[in-house]
2 protein chains.
Amino acid sequence: MDMPLDAKTCWNCPIKHQAVCSRCEPDELTQLEDIKYYRSYEAGQPVIWAGDHMEFVASVVTGIASLSQTMEDGRTQMVGLLLPADFIGRPGRDSAPFDVVAVSDLTICCFRKRPFEGLMTTTPRIAARLLEMTLDELDSAREWMLVLGRKTAREKIASLLAIIARRDAALKQLSARDGMVFELPLTRESMADYLGLTLETVSRQISALRKGGIIELDGKRRVVVPSLDALLAETGDDFDESVRA
Amino acid sequence: MDMPLDAKTCWNCPIKHQAVCSRCEPDELTQLEDIKYYRSYEAGQPVIWAGDHMEFVASVVTGIASLSQTMEDGRTQMVGLLLPADFIGRPGRDSAPFDVVAVSDLTICCFRKRPFEGLMTTTPRIAARLLEMTLDELDSAREWMLVLGRKTAREKIASLLAIIARRDAALKQLSARDGMVFELPLTRESMADYLGLTLETVSRQISALRKGGIIELDGKRRVVVPSLDALLAETGDDFDESVRA
DNA sequence: CGGGTCATTGACCATGATCAAGAGCTGTGG
DNA sequence: CCACAGCTCTTGATCATGGTCAATGACCCG
């Protein structure tokens, strides 16, 4: 759960090239060092409940968290997956709009909110990077709305697999390719919550893709993609668009 | 289609208190005046196609536009409704990610992209306001994901009506209340595209709400809400949450 | 009056939800 | 070392919600 000591400085931070602080000059990083602290969570633990008062904003350093909403009767919808470098919280707002839950073991780098808001006004690099990240998030959220509103169960599963495959390839500094293997970071239930399906439908559609030769399974979580084109064809997306993304 | 002449200055602009320029000082507005121009569109006309090169960013001044995505086979999903003061385009990106279409007659205030990007770096007020607006948009998009992923057709319709009712009340500087009347700015088909339904289902559910006494219809587009609580109860949302929003 | 657009309604069907049983895996304790 | 509890996941049977196809209605404007 603890990171090695040398990872606890901005200098050695694994997300220093992508996070909200990635544009900072050394002296700005020093200022950030003064107001930051790390927190770790085990898989399944809540990080924030919707409505909670937030005394910090944070970056995901390692692990995955989910952003989700739950209705009174228990229906829940995941509205975002937070991966390393993603930002949690928002300057200028006091309470959290959504639940944040650690999906895997998770470490986040927290900045005390008031001082961070101060830095935002004095350090345009931070504000500019946050704007850029927020605009990207907004585009992703809108792309996901097409998945939720218009795709079939099979297309939804294929879309999720394609996204995880691409992200995983990027993380390993490789390009996604035929024969690639990756691990599903989510349970069937989390996938269902992300896709607006039930866990039974998720299970059935994964079996269907396996029977159709689109994917192979090694255990419940390890996925092999014999043909990336075949998988992308199942997403329902325009082919050019998928490759471009 | 043309605005009265006196509306074409920032000083008399109807959205000067909400738009991306709302925090600007007079001299900053003068700089914006130099790089801005208006465009008008009739209901139904396209403003931008996904993939188009964008030489401007813009604010909606009057009217409504939709932001949407279409799949090869014609399925389309609206991913946002752009109301007066909402921002179109993004600094730092060249091509449009989604289609923008005028839903009603529409006037937008365009800023040439390059000079606007320059102003963003020299005028922190603009960048700060854009960040705030973008964070709000992101929250709304995520709230809508719950509607798309988890609500029933009836709840979706009730949610849309509740949103339009609230927005309409806000526009008229009133609070939403029992007996209120408003106009639907969307066709049944646009509502379907927004809600991830077919137009037949939209029509049926509106009829069902009418038969259930939740709403009354005056023609196809004018809606009366006898009891706001009754409407909110149909959205499936937590009551407190709905009132708070 | 006729043509066009937008909306409503009906009949039928398919997709995915629900309910239920059981398989596979892991960790714990006798 | 095995038995069992507690998971997650799979699969089957049935049902309901919303989609599809089709006909008709309401309204507007030439």
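Protein chains get the first letters and strands the later ones, always in sequence-line order, with residue 1 at the start of each.
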Remember a base hit wins even if backbone is also touched, and classify [X] as base, sugar-phosphate or nothing at under 4.0 Å, heavy atoms.
{"X": "G196(B)", "value": "sugar-phosphate"}
{"X": "R75(B)", "value": "nothing"}
{"X": "R221(B)", "value": "sugar-phosphate"}
{"X": "T187(B)", "value": "sugar-phosphate"}

Whole Å only: how far is the [atom1] atom of [X] from the [atom2] atom of [N]?
{"X": "K220(B)", "N": "dG25(D)", "atom1": "NZ", "atom2": "C1'", "answer": "8 Å"}
{"X": "D73(A)", "N": "dA17(C)", "atom1": "CG", "atom2": "P", "answer": "14 Å"}
{"X": "L197(A)", "N": "dG18(D)", "atom1": "CG", "atom2": "P", "answer": "14 Å"}
{"X": "L148(B)", "N": "dG18(D)", "atom1": "CG", "atom2": "P", "answer": "13 Å"}
{"X": "R188(B)", "N": "dT9(C)", "atom1": "CZ", "atom2": "P", "answer": "10 Å"}
{"X": "I206(B)", "N": "dG18(D)", "atom1": "CD1", "atom2": "C1'", "answer": "15 Å"}
{"X": "E189(B)", "N": "dG19(D)", "atom1": "CD", "atom2": "P", "answer": "14 Å"}
{"X": "I157(B)", "N": "dG18(D)", "atom1": "CD1", "atom2": "C1'", "answer": "12 Å"}

Q | Side-chain-base donor-acceptor pair under 3.5 Å for E200(B) and dC21(D) | A |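 By the distance-only test, yes, there is a pair.
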Check every atom of [options] against the side chain of [X] and return the nucleotide holding the closest atom.
{"X": "T198(B)", "options": "dC9(D), dG19(D), dA17(C)", "value": "dG19(D)"}
{"X": "Q205(A)", "options": "dG25(D), dG16(C), dG19(D)", "value": "dG16(C)"}
{"X": "T152(B)", "options": "dT8(C), dT10(D), dG18(D)", "value": "dG18(D)"}

Does a nitrogen or oxygen in the side chain of [X] sit under 4.0 Å from OP1 or OP2 of [N]?
{"X": "T201(A)", "N": "dG16(C)", "result": "no"}
{"X": "R204(B)", "N": "dG19(D)", "result": "no"}
{"X": "S207(B)", "N": "dT9(C)", "result": "yes"}

Q) Around atom NE2 of H17(B), are there more than 12 heavy atoms of other residues, nucleotides or ligands at under 6.0 Å? A) no
Q. With the threshold set at 4.0 Å, does a side-chain nitrogen-carboxylate oxygen contact exist between R39(B) and E55(B)?
A.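 So R39(B) pairs with E55(B) through a salt bridge.
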Q. Is the shortest distance from a Lys or Arg side-chain nitrogen in D136(A) or R93(B) to a carboxylate oxygen in the other one below 4.0 Å?
A.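 Counted as a salt bridge, because a side-chain N and a carboxylate O are separated by less than 4.0 Å.
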Q) With a 3.5 Å cut-off and no angle check, do the side chains of S159(A) and T235(A) form a donor-acceptor pair? A) no
Q: Could you tell me which non-hydrogen atom of I214(B) sits nearest to which non-hydrogen atom of P226(B), and how far apart they are?
A: O-CD, 3.3 Å
